[in-house]
Engineer: 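Okay, handing you the structure first.
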Amino acid sequence: MIKAITGTKDILPSDIRKWYHLENLVRKIFQNFNYKEIRTPIFEETSLFARGIGEETDIVSKEMYTFRDRSDTSITLKPEMTAGVVRAFIEHSLGEKQPLTKVFYISPMFRQERPQAGRLRQFHQFGAEALGSTSPLLDAEMIEMAFEILTRLGLNDLSVKINSLGIPSARENYKNELRKYLSDKKDKLTEESRIRFEKNILRIFDSKAEQDQEIMKNAPLLIDYLDDESKQDFEVVKKYLTDLNIPFEVDPKLVRGLDYYTKTTFEIISGKVGAQSSLCGGGRYDLLVEELGGKPTPGVGFAAGMERILLACENENVLNLPEPYIDVYLVRIDSDLMLKVSEIASSLRKNDLIVDYDYLNRSVKAQMRDANKMNARFVLFVGGDEFRNGELLVKNLSTSEQEKIKVSELSSLINKIKMYGS
RNA sequence: GUGGGUAUAGCUCAGUUGGUUAGAGCACCAGGUUGUGGCCCUGGGGGUCGUGGGUUCAAAUCCCACUACUCACCCCA
């Protein structure tokens, strides 16, 4: 049997309602903030991600789905969205058309990691990017939008963590301080953290190993080495979040794994989804546009993992979606009326009703069971004496009431059904 | 890439110290009045017990290998 590729999942008809629900909410909230949707290709030239995300990052160095096409171009399935959005922003000179560009997206992403709870190789993210302003109000707005979506879904077990990484020069100064601090303690770190010491020293803070944490407990913190501007902006972000009643905690150890971040970074974590608890992450990237060949343009954005969010919803049991139903199920009493039934179905469907019937020539009883299973509001019996008299029998399945109507009065029935339950 | 766990019907699982034709619930199909659902009752279909090898008179059960899934590390959404 051929099965779906490791780490990929089918979203079956029985799952689709919660996806619609989430996608509709996402579009609605982003519209409220006047973000416009953008759709970029599912693959890009590999160099875009290598330059945008950073050669040394885990994503680029070992997680990308990369292949050569027939013209020998190196292609990569997008592992995240920001690089693609920035590429489109530059390519179409969006910055020339208005000073501030606000976009959102909903899209699959691809990373070749080992799957586990809340982590897939093809997964879906929604997110937003605002290009053209350094205002910390936009930093806060990103958190606000993400938080709004998550809480409107009904999620409770959330924590918002924020940090500031400062501008590159401040970060370099700090890294030197950290190196100084660790120089005589290096040997006591785990092997992995010794590699981090060379590759990305900030990551040592992330280590779950006790021996590392012990050493890092007294390490200098980046937040104390921030440049004045970053410090001021961070204060504004905090104040704005407080005004918005969004609970947050400053996590000086929050280091994100993408190279392009500057100043504000943030993450929203759920306590309900296992080890991969980050539902959402983002931050400011004031140098990325220039890095990718555009005019210097500051930006800020975030991305949220939809599978993880739906997992959190399930585990918090907060997604109480209404049962699917159909308006009318047509029951064929005489087996020679198949065509008549499909005709009536067609005219009901043209009037925006959800209509189904039996295609398998089953008994009346089987058809009724089918109607019940589909949660039909009404059953229309076609056949028998009534039909010979130009009438149809209508049954309301929740009250079991039946009445006869004339075939010629179908339109008034249609109106009645449309009004039903609204 | 590294570790742990699991693998029996479409789904969730049971299967006693290895011992007849491998079970249950749910789901599916048919019937329980000649034209009517939900609940209930009766019957039915469906399994090379993940794959391959080994031990044994005898393997779903014991051993080995492989594969898949899963959780965790790493990293991230």
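Computed from a predicted model, the values in this text were never measured in an experiment.
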Engineer: Evaluate the side-chain proximity of Pro115(A) to Lys9(A): yes if any heavy-atom separation is below 4.5 Å, no if none is.
Structural biologist: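 SC-SC contact between Lys9(A) and Pro115(A) ruled out.
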Engineer: For atom C1', what is the distance between rC29(B) and rA9(B), given to the nearest Å?
Structural biologist: 15 Å
Engineer: Among Asp356(A), Asn372(A), Asp370(A), Asn375(A), which one satisfies side-chain hydrogen bond (donor to acceptor under 3.5 Å, both in side chains) with Tyr329(A)?
Structural biologist: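 Only match with Tyr329(A) under side-chain hydrogen bond (donor to acceptor under 3.5 Å, both in side chains): Asp370(A).
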Engineer: Within a radius of less than 6.0 Å around OH of Tyr20(A), do more than 12 heavy atoms belonging to other residues, nucleotides or ligands occur?
Structural biologist: no
Engineer: Please state the C1' separation for the pair rA68(B) and rC57(B) - nearest whole angstrom.
Structural biologist: 34 Å
Engineer: If you walk 5' to 3' along RNA chain B, what is the first nucleotide with an atom under 4.0 Å of a heavy atom in chain A, and what is the last?
Structural biologist: rG1(B) to rA77(B)
Engineer: Applying a 4.0 Å non-hydrogen cut-off, can you work out what Glu63(A) is touching in the nucleic acid: base, sugar-phosphate, or nothing?
Structural biologist: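 Glu63(A): backbone/sugar contact only, no base atoms under 4.0 Å.
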Engineer: Report which part of the nucleic acid Tyr329(A) touches: base, sugar-phosphate, or nothing (heavy-atom distance under 4.0 Å, all strands).
Structural biologist: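 No contact at all - Tyr329(A) keeps every heavy atom at 4.0 Å or more from the nucleic acid.
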Engineer: Using atom P in both nucleotides, what's the gap between rU48(B) and rC74(B) to the nearest angstrom?
Structural biologist: 42 Å
Engineer: For Glu290(A) and Thr297(A): C-alpha separation, side-chain torsions, deciding distance, then whether side-chain hydrogen bond (donor to acceptor under 3.5 Å, both in side chains) applies.
Structural biologist: CA-CA 7 Å; Glu290(A) 193 176 358; Thr297(A) 309; over 6 Å; no
Engineer: Start at the 5' end of RNA chain B and walk down; is the nucleotide closest to Arg114(A) or to Leu393(A) reached first?
Structural biologist: Arg114(A)
Engineer: Applying a 4.0 Å non-hydrogen cut-off, can you work out what Lys78(A) is touching in the nucleic acid: base, sugar-phosphate, or nothing?
Structural biologist: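 The residue Lys78(A) makes no contact with any strand.
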Engineer: Between rU33(B) and rC26(B), how far is it from one P atom to the other, in whole Å?
Structural biologist: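 Pairwise P distance, rU33(B) against rC26(B), rounds to 22 Å.
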Engineer: For the P atoms, the ones on rC13(B) and on rU56(B), what distance do you get once it is rounded to whole angstrom?
Structural biologist: 36 Å
Engineer: What residue among Gln125(A), Glu80(A), Lys78(A) forms side-chain hydrogen bond (donor to acceptor under 3.5 Å, both in side chains) with Ser107(A)?
Structural biologist: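 Testing each of Gln125(A), Glu80(A), Lys78(A) against Ser107(A), the sole residue satisfying side-chain hydrogen bond (donor to acceptor under 3.5 Å, both in side chains) is Lys78(A).
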Engineer: Counting the atoms with a prime plus P, OP1 and OP2 as sugar-phosphate, which does Arg362(A) contact under 4.0 Å by heavy atoms, base, sugar-phosphate, or nothing?
Structural biologist: sugar-phosphate
Engineer: Once you apply a heavy-atom cut-off of 4.0 Å, does Glu386(A) come out as touching a base, just sugar-phosphate, or nothing?
Structural biologist: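 Contact class for Glu386(A): base.
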Engineer: Does the ring-ring contact (aromatic ring centres under 6.0 Å, His included) test come out yes or no for Tyr420(A) and Phe378(A), once each step is laid out?
Structural biologist: CA-CA 10 Å; Tyr420(A) 188 83; Phe378(A) 293 91; 5.0 Å; yes
Engineer: Please work out whether the ring planes of Phe30(A) and Tyr35(A) are parallel, tilted or perpendicular, with thresholds of 30° and 60°.
Structural biologist: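 Rings of Phe30(A) and Tyr35(A): tilted, 30 to 60°.
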Engineer: Less than 3.5 Å apart, any donor N or O on the side chain of Glu44(A) or Thr76(A) sitting next to an acceptor on the other?
Structural biologist: no
Engineer: Heavy atoms only, 4.0 Å cut-off, all strands: where does Lys3(A) land among base, sugar-phosphate and nothing?
Structural biologist: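 If one applies the 4.0 Å heavy-atom cut-off, Lys3(A) turns out to touch the sugar-phosphate alone, with no base involved.
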Engineer: Roughly how many Å apart are rU21(B) and rG47(B), using the C1' atom of each and rounding to a whole number?
Structural biologist: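 About 14 Å, rounded to a whole number of Å.
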Engineer: I'd like the P distance from rC62(B) over to rU16(B), given in whole Å.
Structural biologist: 9 Å
Engineer: Based on Watson-Crick and G-U pairs with both distances under 3.5 Å, what dot-bracket line describes RNA chain B 5' to 3', crossing pairs as [ ] and inter-strand pairs as |?
Structural biologist: (((((((..((((.....[...)))).(((((.......))))).....(((((..]....))))))))))))....
Engineer: If you assign Glu307(A) and Ser398(A) each to the RNA chain B nucleotide with the nearest heavy atom, which residue ends up on the more 5' nucleotide?
Structural biologist: Ser398(A)
Engineer: Can you see whether Asn163(A) engages Thr265(A) through a side-chain donor-acceptor pair at a distance of less than 3.5 angstrom?
Structural biologist: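 There is no such pair (donor and acceptor under 3.5 Å, judged by atom type) between the side chains of Asn163(A) and Thr265(A).
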Engineer: Report yes if some heavy atom in the side chain of Arg111(A) is under 4.5 Å from a heavy atom in the side chain of Phe123(A); otherwise report no.
Structural biologist: yes
Engineer: In whole Å, measure the gap between the P atoms of rU8(B) and rC39(B) for me.
Structural biologist: 29 Å
